[in-house]
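Note that the numbering runs from 1 along the sequence shown for the chain.
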Amino acid sequence: MSTSEEWTFPDDVDHEAVQDALVEWYEADHRDFPWRRTDDAYEILVSEVMSQQTQLGRVVEAWAAFLERWPTTAALADADRADVVGFWTSYSLGYNNRAKYLHEAARQVEDEYDGAFPETPDELQELMGVGPYTANAVASFAFDNGDAVVDTNVKRVLYRAFDVPDDDETFERVARDLMPPGESRVWNNAIMELGGVACEKTPSCDEAGCPWREWCHAYETGDFTAPDVPTQPTFEGSRRQMRGRVVSVLKEYDELALDTLGPRVRVDYSPDGEHGREWLRGLLSDLADDGLVTVAEQEGETVASLRQ
């Protein structure tokens with residue numbers, strides 16, 4: 001990996017193309033968590049606090065039950081704190097202090113802000129227990145008024161995709177540079193979704209249709225380590241690795257025929273062998289279905305090129 005002192009965004013990466021690809025991928029299909037269907041700041045704050053130490057699948061039930069019992073900041077502010085802590089414990093939502101802080105934050109909204117949530121990350125940090133990350137998330141998802149979110153998933157994505165060094169200031173700078181201005185709601189949801197379903201610790205690049213494969217440093221090189229993934233996930237010889245090699249090779253050439261491309265992808269390529277033309281056609285077909293390559297017949301030969 002490169003170091004923070006020398007790192008610059010790759011010259012061959014078009015920011016607008018990267019942005020469009022991610023947003024289109026997210027809007028076409030994403031996990032349907034209920035807090036993604038609301039812009040109510042209170043409901044989003046509850047989801048963010050609950051998600052800090054609990055898997056999202058388990059949060060869904062707790063979130064719905066919490067809001068049914070205390071549907072507004074006014075209702076929560078009027079509640080007995082012991083009841084709120086008891087609820088937190090019954091759903092195994094982690095540290096009880098988070099329940100206490102959430103209860104106190106609801107009182108602040110009612111008493112200090114006349115029941116209306118502050119809307120900027122800086123203002124939201126005035127609420128009890130709301131740190132920079134949570135404040136930014138609420139500002140983004142409730143008011144579309146946040147900065148780029150940088151959590152573990154986002155760091156992993158940036159590290160792998162663009163060879164960003166493991167340096168917090170650099171991650172912050174790159175995340176800011178990548179986010180389209182005024183689009184924090186969809187962008188932060190989209191890049192966290194990418195880290196959650198495609199670029200997990202063991203990646204699912206092709207299975208999840210990762211929209212950044214054509215630019216991705218890890219997909220091209222096969223190195224899927226990351227700050228939170230110190231050892232390489234099982235990868236050597238996989239179809240994912242071979243697809244990445246196809247993309248990498250085709251970046252260097254306008255187009256290649258099968259028998260010219262094949263040996264550059266596998267040293268043991270043999271036209272009629274196990275890893276031969278039919279095997280390579282299968283890889284190319286998958287990549288063509290994903291919109292990454294174009295396959296054509298020219299003068300009796302199958303020719304592949306990167307999608308333009």
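- Although no hydrogens or angles enter the test, the distance criterion places no donor-acceptor pair under 3.5 Å between the side chain of Trp279 and the main chain of Glu274.
- Using a 4.5 Å cut-off on side-chain heavy atoms (C-beta onward), Asn153 and Cys199 make no contact.
- Side-chain contact between Trp187 and Leu22 is present, with at least one heavy-atom pair separated by less than 4.5 Å.
- Interatomic distance, CG of Leu124 versus CG of Leu45, reported as 8.0 Å (0.5 Å rounding).
- Across every non-hydrogen atom of Met50 and Ala62, the tightest pair is CE-O, 3.6 Å.
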(message) Apply side chain to side chain contact (heavy atoms under 4.5 Å, CB included) to residues Glu172 and Asp147 and explain how you reach the verdict.
(response) CA-CA 10 Å; Glu172 295 279 354; Asp147 301 314; over 6 Å; no

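- The hydrophobic clustering, which links ILVMFWY residues whose side-chain heavy atoms are closer than 4.5 Å, places Trp88 and Tyr95 apart.
- Residues His30 and Arg36 form a side-chain contact, since some pair of their non-hydrogen atoms from C-beta on lies under 4.5 Å apart.
- Note: Arg264 CZ to Tyr253 OH = 4.0 Å, rounded to the nearest 0.5 Å.
- Using modelled atom types, one side-chain atom of Lys251 and one backbone atom of Glu214 make a donor-acceptor pair closer than 3.5 Å.
- With hydrogens and angles ignored, the 3.5 Å screen pairs a side-chain donor or acceptor of Gln108 with a backbone N or O of Met128.
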(request) Applying side chain to side chain contact (heavy atoms under 4.5 Å, CB included), run through Tyr133 and Asp151 and close with a yes or a no. (result) CA-CA 8 Å; Tyr133 177 85; Asp151 65 359; 3.5 Å; yes

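- By the criterion of side-chain heavy atoms lying less than 4.5 angstrom apart, applied directly or through intervening Ile, Leu, Val, Met, Phe, Trp or Tyr residues, Leu284 is not grouped with Val303; the two fall into different hydrophobic clusters.
- Between the CD1 atom in Ile191 and the CH2 atom in Trp25 there is a gap of 10.0 Å [rounded to 0.5 Å].
- Formation of a donor-acceptor pair under 3.5 Å by the Ser47 side chain with backbone atoms of Ile44 is found in this model.
- With rounding to the nearest 0.5 angstrom, the SG atom of Cys205 is 7.5 Å from the CZ atom of Arg160.
- Side chains of Ser305 and Glu255: no donor on one and acceptor on the other come within 3.5 Å.
- Between the Ser90 side chain and the Phe87 main chain, a donor and an acceptor come within less than 3.5 Å of each other.
- Between the side chain of Arg156 and the main chain of Pro227, no donor-acceptor pair closer than 3.5 Å is present.
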(request) Output, in order, the C-alpha distance, side-chain angles, deciding distance and verdict of side chain to side chain contact (heavy atoms under 4.5 Å, CB included) for Val246 and Leu287. (result) CA-CA 9 Å; Val246 169; Leu287 291 167; 3.6 Å; yes

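- For Gly146 against Pro121, the heavy-atom pair with the smallest separation is CA-CG, 4.3 Å.
- Under the 4.5 Å side-chain heavy-atom criterion for ILVMFWY residues, a single connected hydrophobic cluster contains both Phe33 and Leu67.
- Remark: the Thr89 side chain and the Asn96 side chain contain an N/O donor-acceptor pair separated by less than 3.5 Å.
- The minimum heavy-atom distance between Pro203 and Phe224, with the atom names listed, is CG-CD2, 3.3 Å.
- The shortest distance between side-chain heavy atoms of Val197 and Arg31 falls below 4.5 Å.
- With rounding to the nearest 0.5 angstrom, the CZ atom of Arg173 is 13.0 Å from the CG atom of Asp168.
- Between the side chain of Asp223 and the backbone N or O of Ala218 there is no donor-acceptor pair closer than 3.5 Å.
- Criterion: ILVMFWY side-chain heavy atoms under 4.5 Å apart, direct or through other members. Under it, Tyr101 and Phe117 are not part of a common hydrophobic cluster.
- Residues passing the salt bridge (charged side-chain N to carboxylate O under 4.0 Å, His left out) test with Asp259 are Arg277, sequence neighbours excluded.
- When all heavy atoms of Asn188 and Ser140 are compared, the closest pair comes out as ND2-OG, 3.0 Å.
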(message) Before you tell me yes or no, could you show the steps for Trp35 and Phe141 under ring pair (Phe, Tyr, Trp, His ring centres under 6.0 Å), namely the whole-Å CA-CA distance, both residues' side-chain angles and the distance that decides it to 0.1 Å?
(response) CA-CA 9 Å; Trp35 46 86; Phe141 304 139; over 10 Å; no

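- In this structure, Glu68 places its CD atom where only 12 or fewer heavy-atom neighbours from other residues, nucleotides or ligands lie under 6.0 Å away.
- Glu43 CD to Thr72 OG1: the interatomic distance, rounded to the nearest 0.5 Å, is 10.0 Å.
- Using a distance-only test at 3.5 Å, with no hydrogens or angles considered, a donor-acceptor pair links the side chain of Arg307 to the main chain of Gly291.
- Contact check for Asp177 versus Phe9: no side-chain heavy atoms found under the 4.5 Å cut-off.
- Using a 4.0 Å cut-off between charged side-chain N and carboxylate O, Asp290 and Arg243 make no salt bridge.
- Distance alone, capped at 3.5 Å, places no donor-acceptor pair between the Asn136 side chain and the Pro132 backbone.
- Side chains of Phe66 and Leu76 form a contact here, defined as non-hydrogen atoms less than 4.5 Å apart.
- Looking at heavy atoms from C-beta onward, Val186 lies out of side-chain contact with Pro180 at the 4.5 angstrom threshold.
- Side-chain N or O atoms of Glu301 include none that pairs as donor or acceptor with a backbone N or O of Leu258 at under 3.5 Å.
- Taking 4.0 Å as the cut-off between side-chain N and carboxylate O, Asp228 and Lys155 do not count as a salt-bridged pair.
- Every pair passing side-chain hydrogen bond (donor to acceptor under 3.5 Å, both in side chains) that includes a residue from residues 73-83 is listed here, sequence neighbours excluded: Thr73-Glu110, Arg81-His103, Arg81-Glu104.
- In terms of heavy atoms, Ala75 sits closest to Trp70 at O-CD1, 3.7 Å.
- Arg281 approaches Glu278 most closely through the heavy-atom pair NH1-OE2, 2.7 Å.
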(message) What verdict does the side chain to side chain contact (heavy atoms under 4.5 Å, CB included) test give for Asp39 and Arg185, after you've listed the backbone C-alpha separation in whole Å, the side-chain angles of each residue and the deciding distance to 0.1 Å?
(response) CA-CA 9 Å; Asp39 59 4; Arg185 178 183 291 132; 3.9 Å; yes

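- Val85 and Val49 fall into different hydrophobic clusters, where Ile, Leu, Val, Met, Phe, Trp and Tyr are joined by side-chain heavy atoms under 4.5 Å apart, directly or via other members.
- Other residues, nucleotides and ligands contribute over 12 non-hydrogen atoms within 6.0 Å of the CD atom of Glu297.
- By the 4.5 Å heavy-atom criterion applied to side chains, Phe171 and Asp166 are counted as neighbours.
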